[in-house]
Amino acid sequence: MLEVAPDLLGCVVSFGGCEGVIVETEAYHFTEPACHAYVGVTPRTAVLHGPPGTAYVYRSYGIHALLNAVCEAEGVGAAVLIRALEPTAGIEAMRMRRGAGELCNGPGKLTQALGIGLGENDTSLVSGPVRILRGEPLEYVTGPRIGITKAAELPWRFCALGSRDVSRPWPPGLRASLAA
DNA sequence: CATGGGATTGACT
DNA sequence: GTCAATCCCATGC
């Protein structure tokens with residue numbers, strides 16, 4: 001999975017006529033406490049332990065939807081959280097949903113921008129409504145994960161270089177690439 | 001059956 | 001920088 005997460009950078013997420021290039025991901029694995037699958041297989045986390053290539057949409061703080069891509073073999077319990085996109089198509093539709101401001105520079109924002117909701121949970125990323133298309137590999141930097149309270153020190157955050165559509169704080173290496 | 005936590009965001013001081 | 005909003009579900013009694 002630690003190979004899949006950076007591999008997703010540069011891939012395209014497509015949903016409802018909107019598309020965006022993945023520029024930030026975070027890896028989650030059931031062996032570390034930050035992952036929902038850590039507690040074991042439950043009705044909600046079952047999809048995390050399911051077959052790879054499946055979307056796992058989760059509501060955080062009762063408000064925001066977070067989009068994950070399940071990876072690893074069935075029964076492993078691992079996923080890659082998609083934290084940020086760079087919009088490439090359907091931008092007007094995103095603006096209608098999001099209003100003014102940044103569209104996809106945060107996990108909760110990108111789902112709202114694309115219109116992805118809890119209804120897309122447990123759908124295929126290959127043949128379902130939400131699709132992930134293979135794209136060009138991107139250069140990236142790693143860093144600690146953001147916004148979690150457990151195991152935040154693991155360097156399982158992957159940010160594409162040269163994109164401003166990434167949630168802050170940016171790792172030092174990414175700041176340098178933006179300045180250039 | 002009741003309670004608390006959670007991978008976030010946006011507004012206010 | 002700090003604080004509140006708000007819903008699902010895992011855990012505990």
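Keep in mind that the numbers below use all heavy atoms, side chains included, and drop hydrogens, waters and symmetry copies. Each chain gets a letter, A, B and so on, in the order its sequence line appears, and its residues count up from 1.
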Atom CZ of A:R145 to atom C1' of B:dA7: distance rounded to whole Å?
8 Å
Reading nucleotides 7-13 of chain C 5' to 3', which nucleotides get B (base under 4.0 Å from a protein heavy atom), which S (sugar-phosphate only), which -?
B-SSS--
Tell me the interatomic distance from A:L66, atom CG, to B:dG5, atom P, rounded to whole angstroms.
19 Å
Exercise: do A:H36 and A:Y28 side chains pair donor with acceptor under 3.5 Å
no
How would you label the contact of A:Y38 with the nucleic acid (heavy atoms, under 4.0 Å): base, sugar-phosphate, or nothing?
nothing
Evaluate the ring planes of A:H49 and A:F30, with Trp represented by its six-membered ring, and classify them as parallel (under 30°), tilted (30 to 60°) or perpendicular (over 60°).
tilted
Over how many whole Å does the gap from A:E102 atom CD to B:dG10 atom C1' extend?
14 Å
Whole Å only: how far is the CZ atom of A:F158 from the P atom of B:dA7?
18 Å
Can a donor-acceptor pair be found, under 3.5 Å and without considering hydrogens, that links the side chain of A:R145 to the backbone of A:A27?
yes
Taking A:N68 for its side chain and A:Y56 for its backbone only, find out whether a donor-acceptor pair lies under 3.5 Å.
yes
Can you tell me if A:T111 uses its side chain to pair, donor with acceptor, with the backbone of A:A65 under 3.5 Å?
yes
Calculate the interatomic distance between A:Y58 atom OH and B:dA7 atom P; express it in whole Å.
6 Å
Reported CD1-to-OG1 distance for the pair A:I116 and A:T123, which is rounded to 0.5 angstrom:
8.5 Å
Look at the side chain of A:T42 and the backbone N and O of A:T45, then say whether any donor-acceptor pair between them is shorter than 3.5 Å.
yes
Kindly list each side-chain donor-acceptor pair under 3.5 angstrom involving residues 93-101 of chain A, sequence neighbours excluded, with atom names and distances?
unit_1, atom_1, unit_2, atom_2, d
A:R95, NH1, A:G101, O, 3.3
A:R97, NE, A:Q112, O, 3.4
A:R97, NE, A:A113, O, 2.8
A:R97, NH2, A:A113, O, 3.0
A:R97, NH2, A:L114, O, 3.3
A:R98, NE, A:E102, O, 3.4
A:R98, NH1, A:Q112, OE1, 3.0
A:R98, NH2, A:E102, O, 3.2

In whole angstrom, what separates A:H64's NE2 from C:dA4's P?
16 Å
Which dot-bracket string describes DNA chain C (Watson-Crick N1-N3 plus N6-O4 or O6-N4, or G-U N1-O2 and O6-N3, all under 3.5 Å; [ ] crossing; | other strand)?
|||||.||||||.
